[in-house]
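Excluded from the calculations below are hydrogen atoms, water molecules and symmetry mates; all remaining heavy atoms, backbone and side chain alike, are included.
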Amino acid sequence: MKRKKLFSSAAAAAILLSMFTACTQSDGGNGGGNTTTTAAPGTTAPPSTMQEEQQSQAEEISTKEFELENKKITFLATWARNPANGKNKDVAIELFQTRFGGEIEDIVVGDSERYDKLASMVSTGTSPDFFSAADSDAFPMGAINNMFQPIDDYIDFTDEWWSSRKEINDKFVLKDKHYVATISPEVEVLLIYNKSVIEENGLPDPYQLLKEGKWDWTACMDMMRKFCDKSEENYATDGWWITSGFCNSTGVPFIGMQDGKIVNNVRDSLIAEAQEFLYTIRKEDMAYPVWDYGWVSNPANVGVGKTLFYPTGYWALTELNSEYGLAKYGNPGEVGFVPIPKCPSADALYVPARVNGYMLCSGAPNPEGFACMMYCEAAASDSKEAEDITKEQYFNEYGWTDEMWEMRQTMYDLLEEHPVFDFYKGVSLATFDNLDNPAKDAYHNGTSWTQTKETIFGSVQSEVDKANASIEG
């Protein structure tokens, strides 16, 4: 079930992308896109809120000065940039609204509708202003296909708000032009565990191992072997994020970017080492058998002591009562999380990453408003006041504890040092299809990576070559 869903979602996106490309090529337009929410085109979500004390803190944050003639920007996405229904407003939006009189119109669509909606809006001259880069499928494909426009005319990467971000922004460059306004790296995959379960089974706390510099694949495998008992239905891992997590923790993405060119790393020896680690988990019956349960994972097993680690995205830690929320893993005080452990052969602990960032749509009606919002994002991200507000919101809204906040800080310090971005979703549909599920075969199906990589390498390289030719063209 899940495997089919992965393919169908990507297929839909690619079909819609081809429709968009046809539109832009016919009228000579540049590409564009990003995320924002609305229940229907032209509608806006109910306003978010911020406590009065937090508003006062936000007033202390310095920003670049802007004089906006047009104060409205439009965001197209599967989620609302301005959270609805009275949820906490983040500091960047507070700055944009109160300091510059800005307004964000959120247009919310389904995942497979993003590029279809974008194509329709651009072709009719009603393009949105910005689009999220967080899904890792918009770059470089969107830039290559003229969906988005460079941002260098609107953001100065040498000034005080962006100079510290230039290195990470330089990872999203084609022909010496920046296409993603990257505010910060975000954790793509982490491991969630239940501290009470760890203690009851006489295992070391992974977070303590991390602080001692001992959190690596060897320590992780040792814990998994001690915990697992198939006869008792106790398993080491579950979920759909484990393959990308461990492969990227080598420091080598399946598809990388180097000097503005796309690079195919499928045959890299470190990826082979990660795949062997995953194959061992499957071979020793330590993986929760989703294949026996309709290809459906069960994160709640972590909270009841039946699964040791659940690899997933950072977002799972910022909900309490949703399908994938924090409550699935036990009471908040029992929930622990760490980055994917260090690959023994790597020179550092690398953290699988995505970006907290945005792209400027082709034909955006208000690029200056987009730039203003990006400067608000940068100012908020750098401020101690914003960090204090975020901490308070995490504690009050999500039920976090001091130890969880410490875990977060430690993990993000490591992320800042060694983020790993994988571009395999952002080259083409064929690249995604040739990599996404086949890369999971060692873990889910017990298939040798040696066999898989040689089966897919040629087709992946062909797509990379075509994309690089388009960049040069």
Side-chain angles (χ1 to χ4, degrees), residues 136-137 139-141 167-168 170-173 185 187-189 191 215-218 220-221 237 240-283 311 339-355 414-415 417-428 430-469 471:
S136 303
D137 62 354
F139 183 88
M141 178 171 58
E167 182 177 354
I168 191 171
D170 285 350
K171 297 180 184 294
F172 301 91
V173 168
V187 176
E188 170 76 342
V189 189
L191 290 182
W215 181 233
D216 62 12
W217 291 2
T218 302
C220 184
M221 180 66 78
T237 55
W240 298 95
W241 300 63
I242 187 169
T243 294
S244 61
F246 275 88
C247 288
N248 288 169
S249 76
T250 64
V252 180
F254 286 109
I255 300 295
M257 292 288 298
Q258 185 173 348
D259 299 325
K261 296 291 184 64
I262 306 166
V263 180
N264 176 10
N265 295 317
V266 166
R267 284 178 172 164
D268 191 276
S269 61
L270 285 174
I271 290 180
E273 191 172 332
Q275 289 285 348
E276 183 62 27
F277 182 91
L278 297 165
Y279 177 75
T280 299
I281 295 174
R282 176 68 166 90
K283 180 175 62 177
I340 302 295
K342 180 184 179 298
C343 168
S345 299
D347 59 358
L349 193 156
Y350 288 94
V351 181
R354 63 170 63 195
V355 296
L414 292 166
L415 172 69
E417 293 177 9
H418 299 292
V420 178
F421 300 99
D422 203 318
F423 296 91
Y424 79 93
K425 297 178 185 177
V427 176
S428 66
T431 306
F432 178 89
D433 282 351
N434 282 313
L435 269 172
D436 191 64
N437 279 328
K440 297 180 176 72
D441 278 345
Y443 175 79
H444 282 127
N445 299 320
T447 304
S448 166
W449 177 244
T450 300
Q451 173 185 334
T452 301
K453 71 178 180 181
E454 294 309 319
T455 301
I456 68 175
F457 181 85
S459 54
V460 171
Q461 187 61 47
S462 176
E463 290 299 308
V464 168
D465 290 342
K466 285 192 290 185
N468 280 329
I471 293 171

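Under the 3.5 Å distance criterion, with hydrogens and angles disregarded, no donor-acceptor pair is assigned to the side chains of Thr452 and Thr455.
Using a 4.5 Å heavy-atom cutoff, the side chains of Phe139 and Met257 are in contact. In this structure, the side chains of His418 and Leu414 stay at 4.5 Å or more apart for every pair of heavy atoms. No side-chain heavy atom of Pro419 sits less than 4.5 Å from a side-chain heavy atom of Val351. For the pair Ile271 and Trp449, the minimum side-chain heavy-atom distance is below 4.5 Å. Using a 4.5 Å cut-off on side-chain heavy atoms (C-beta onward), Ile262 and Pro140 make contact. You'll find the side chain of Val189 stays beyond 4.5 Å of the side chain of Val187, heavy atoms only. Residues Lys342 and Trp215 have side chains not in contact (no heavy-atom distance under 4.5 Å, counting atoms from C-beta outward).
With sequence neighbours left out, the side chain to side chain contact (heavy atoms under 4.5 Å, CB included) criterion links Ala346 to Cys343, Tyr350. Qualifying side chain to side chain contact (heavy atoms under 4.5 Å, CB included) partners for Ser462, counting only residues two or more places apart in sequence or in other chains: Lys466. Listed by chain and residue number, Ser136, Asp137, Glu188, Phe432 satisfy the side chain to side chain contact (heavy atoms under 4.5 Å, CB included) test with Lys425 (two or more places apart in sequence, or in another chain). Checked against salt bridge (Lys or Arg N to Asp or Glu O under 4.0 Å), Asp170 has the following partners two or more places apart in sequence or in another chain: Lys166.
Shown here for Phe423 and Lys171, the closest heavy-atom pair between the two residues is CZ-O, 4.0 Å.
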What donor-acceptor contacts under 3.5 angstrom involve side-chain atoms of residues 247-255, with partners at least two apart or in another chain?
from	atom 1	to	atom 2	distance (Å)
Asn248	ND2	Asp422	OD2	3.0
Ser249	OG	Trp217	NE1	3.4
Ser249	OG	Phe246	O	2.7
Thr250	OG1	Cys247	O	2.6
Thr250	OG1	Val252	N	3.1

Name every donor-acceptor pair, under 3.5 Å, that has one atom in a side chain of residues 276-283 and the other anywhere in the protein, sequence neighbours excluded.
from	atom 1	to	atom 2	distance (Å)
Thr280	OG1	Glu276	O	2.9
Arg282	NE	His444	O	3.0

Exercise for review: Step by step, work out the side-chain hydrogen bond (donor to acceptor under 3.5 Å, both in side chains) result for Thr237 and Tyr443.
Suggested key: CA-CA 10 Å; Thr237 55; Tyr443 175 79; 2.8 Å; yes
